[in-house]
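Because the structure is predicted, anything quoted here is derived from the model rather than measured. Quick note: numbers below take in every heavy atom, side chains included, and nothing from hydrogens, waters or symmetry partners. In the text below, chain A, chain B and the rest are named by the order of the sequence lines, each starting its count at 1.
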Amino acid sequence: GIQVEQSPPDLILQEGANSTLRCNFSDSVNNLQWFHQNPWGQLINLFYIPSGTKQNGRLSATTVATERYSSLYISSSQTTDSGVYFCAVNTNAGKSTFGDGTTLTVKP
Amino acid sequence: DAGVIQSPRHEVTEMGQEVTLRCKPISGHNSLFWYRQTMMRGLELLIYFNNNVPIDDSGMPEDRFSAKMPNASFSTLKIQPSEPRDSAVYFCAYKRLEDTGELFFGEGSRLTVL
């Protein structure tokens, strides 16, 4: 099956710093999503981004399907950004495969 | 996402007991998924349904696990008998009819088997 690798596995930032999270995948995909799992365990949809670039406030995401990667950019990080960020890819099989996540800690 | 209601939110049971987890998605979906999350294995797809029909159950760990979707607004995941290694958070997720593939998750059911 498809392999999804996220990097870095852990990231510690000072409030106000910027960061880029990466998601690499091993095969062609139909779509790609970024999720944020907050400290209460909820999985929050951030972006549905099969290709191109999208922005939502301080967050933006870019997927380059031909190069099999996606990036999530967080600017001016806040403590509420802490949690685990997951990338999930969907192939023709219809099901989504998740990476292992990047654990982000933003310190005040 | 309020589009899917899971129950119970927390369950603590003893090894050997039967566990039933429930999922009620909103109307207007055509695919429903059960995922399990553990520290060791991350988020794993257990089974998914399309138009209430099981499509892929290759992620179901063993015969102790079973899932049903008797109608479009209700699904169950049953573990019988439960074991301590089944302790995890179980998520139900769905895709909306009008979307091409965006997945939405419920809040999960945290299961602890003693």
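Hydrophobic cluster membership is shared by Leu59(A) and Leu104(A), with clusters built from Ile, Leu, Val, Met, Phe, Trp and Tyr side chains linked at under 4.5 angstrom. Using a 4.5 Å cut-off between side-chain heavy atoms of Ile, Leu, Val, Met, Phe, Trp and Tyr, with links allowed through other members, Tyr85(A) and Phe105(B) fall into different hydrophobic clusters. Leu45(B) and Phe49(B) are not part of a single hydrophobic cluster, where members link through side-chain heavy atoms under 4.5 Å apart. With hydrophobic clusters built from ILVMFWY side chains whose heavy atoms lie under 4.5 angstrom apart, Leu21(A) does not share a cluster with Val84(A). Hydrophobic clustering (side-chain heavy atoms under 4.5 Å, transitive across Ile, Leu, Val, Met, Phe, Trp, Tyr) keeps Ile2(A) apart from Tyr48(A).
Counting only heavy atoms from C-beta outward, the side chains of Lys95(B) and Asn90(A) approach each other to under 4.5 Å.
The CD atom of Gln37(B) lies 9.0 Å from the CZ atom of Phe98(A); values are rounded to the nearest 0.5 Å. For the atom pair Gln33(A) CD and Leu103(B) CG, the distance stands at 5.5 Å (nearest 0.5 Å). From Phe104(B), atom CZ reaches atom CG of Leu43(A) across 12.5 Å, with rounding to the nearest 0.5 Å.
Annotation for Lys95(A) and Phe33(B): closest pair CA-CE2, 4.2 Å, computed over non-hydrogen atoms.
There is no contact between Asp100(A) and chain B, counting heavy-atom distances below 4.5 Å.
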